[in-house]
Amino acid sequence: MDGLQCFVSDLNVVGRGRRCKRIVCTAAEKPDDVIVVGSGMGGLVTATQLAAKGLKVRVLEKYLIPGGSSGYFERDGYTFDVGASMIFGLGDEGYTNLLTRALDAVGKKIETKPDPTIVTYYLPDGLTVPVDRNYDVFMGELRAKFPSSADGLKQFYDTCADVFKCLNEMELLSLEEPRYLLKVFFQKPVNCLKLLWYMFLNAADEVGKTVADPIAKKFVDIECFLISVAGADRTPLINTGMVFADRHYGGANYPIGGVGKISLALAEGLEEYGGKIEYGARVRRIIVEDGKAVGVLLANGKELLARTVISNATRWDTFENLVPKESVPEEESMFQDRYKKTASFISLHVGVKRDKLPKDLECHMIILDDYDNMEKCRDAEGTLFVSVPTVLDSTIAPDNRHIFHIFTASDMEEWEGLSVAEYNEKKEELATKILKKVEAAAAPGLTDSVELLEVGTPRTHRRFLGRIDGTYGPVPRRVLRGLASMPFNKTALPGLYCVGDSSFPGQGLNAVAFSGFSCAHRVAADVGKEDKLPLLDEPLQYLLGRKRLELFNN
């Protein structure tokens, strides 16, 4: 593997040559309507939605570019996606194409290319299962690979399609806003009643009804792990419906120029609609006065005030690090009792020569040697996620080159307490192991083709993405009732809202965009930019608040 030792270094997520404009606020400015802490996808969607409604919005981003884990960085002519390259929500039909809708709200559009094979699974005992964009082709593949369970699997995926259909026929806004709930109920009563039922189910609840073959069940487990980093017993049916059916509807579509194009376009649109983004603005604390969030304190000592504060940080970062301890609501302790942080990842960003590689590489692959190791977080023995975005977009790499982005779960504790030499040695050892596994399963000639390699660890993700322990969101500590236990955007601390993957509906770029639409709608209603029903609002908040949490703690 040419040059491995030369290029194994900590991931530095700075886009060279394309840094965003720094906006500096002055003490003379009036308080903002809204301050958003963090410019991840959830924060950007919320901010652009509110700016489009005429609110004065300021986004505070501690890094130099927007996007968080949906950002990018550049090396030697390569443009690497920081996070996943399998992007849903960029289609052009229905309400679930949330990224397209978010861009449209601020007059932006980006070029994309569809992925004909959404993902190919390389599983134990030589089992290979491609998920074709065409639903009937995929069903045919399942019938060939799981003949005794084909009918049961089809029934499960048909249920996912029904979930998706219910969602795709109604505008997706805040489930905390009673006027919206009444409106959609009268417009789509059957859809609403179905979704209420589905809200309390996990994927395993449906699979268990129709599928007996343990290998077929394990296939559904790895499908769920792809979207939630958990098995079918802890993956809400709503989430599988949004993704598994959308694969055959809007499909996965890669943004030409890289995933970071989405965040850059939203940031540009935000500014065009009068919003502001300050880069290099590290928030030290959320200011609470008289029991209400009223602004933020920056690391440089500057205080910024606003009528509303929205945190795009994780729920843990928000309530353990930003909100004063004495102001943390009891409900957030309950959240932490039910959910735990996912592991982080070790990520390989690899630039390779195409000459020795197969001509028919898939864009997205999942590699697993042992079903029992699916969730393993040590020694690169767990599930490998592999993306080769240059299969769809050659512009993000030099001529005759491919990009491989390979990542697998890894615990922070595995990387703490190491000397510099030990840290670098461990990175090199695991990088070599991971590359050889990918080469053996799906990409012969890979190791000899490497010319650039950047390795990120949980410590890297924590440093550059500002996420506690480098985590990528919450997973249930135990089996919970679907999405019913997920917290929504409005917190029990007045003036403070949360958005992102630790708010309903959870992980995934399209899911956090849903969270952004929901948060913006709830905030707009609370500040008078959307109509609401005050007489019903308090009872609904009570139902969705303490009583809901108590119910699902039992």
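Positions are given from 1, in the same order as the sequence printed here.
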Taking only residues two or more places apart in sequence or in another chain, which ones pass salt bridge (Lys or Arg N to Asp or Glu O under 4.0 Å) with Arg133? none

Could you pull out all residues at least two apart from [X] that satisfy ring-ring contact (aromatic ring centres under 6.0 Å, His included)?
X: His402; result: none
X: Phe514; result: Phe504
X: Phe88; result: none

Which pairs would a plain distance check flag for residues 140-149, meaning a side-chain donor or acceptor within less than 3.5 Å of a matching protein atom at least two apart in sequence or in another chain?
unit_1: Glu141; atom_1: OE2; unit_2: Lys145; atom_2: NZ; d: 2.6
unit_1: Arg143; atom_1: NH2; unit_2: Asp151; atom_2: OD1; d: 2.8
unit_1: Lys145; atom_1: NZ; unit_2: Thr128; atom_2: O; d: 2.3

Should Ser410 and Pro458 count as side-chain neighbours, where that means a heavy-atom distance under 4.5 Å?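 A side-chain contact under 4.5 Å exists here.
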
Given side chains that start at C-beta, do those of Asp132 and Pro116 come closer than 4.5 Å, heavy atoms only? no

Between the side chains of [X] and [Y], does any donor sit under 3.5 Å from an acceptor?
X: Asn400; Y: Asp355; answer: yes
X: His364; Y: Asp115; answer: yes
X: Asp205; Y: Tyr198; answer: no
X: Asp158; Y: Tyr135; answer: yes

Here the salt bridge (Lys or Arg N to Asp or Glu O under 4.0 Å) pairs for residues 221-231, sequence neighbours left out, are Glu223-Arg247

Ring geometry between Phe345 and Phe407 (parallel below 30°, tilted from 30 to 60°, perpendicular above 60°):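 Judged by the thresholds at 30° and 60°, the geometry between Phe407 and Phe345 is perpendicular.
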
How far apart are the C-alpha atoms of Cys498 and Arg315, what are their side-chain angles, what is the distance that settles it, and do they pass the side-chain contact (heavy atoms from CB on, under 4.5 Å) test? CA-CA 7 Å; Cys498 286; Arg315 219 85 185 187; 3.4 Å; yes

Is any NZ, NE, NH1 or NH2 atom of the basic residue among Lys113 and Asp393 found under 4.0 Å from an Asp or Glu carboxylate oxygen of the other?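 No salt bridge links Lys113 with Asp393.
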
Between Lys261 and Glu111, does any NZ, NE, NH1 or NH2 come within less than 4.0 Å of an OD or OE carboxylate oxygen?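 No, this pair does not count.
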
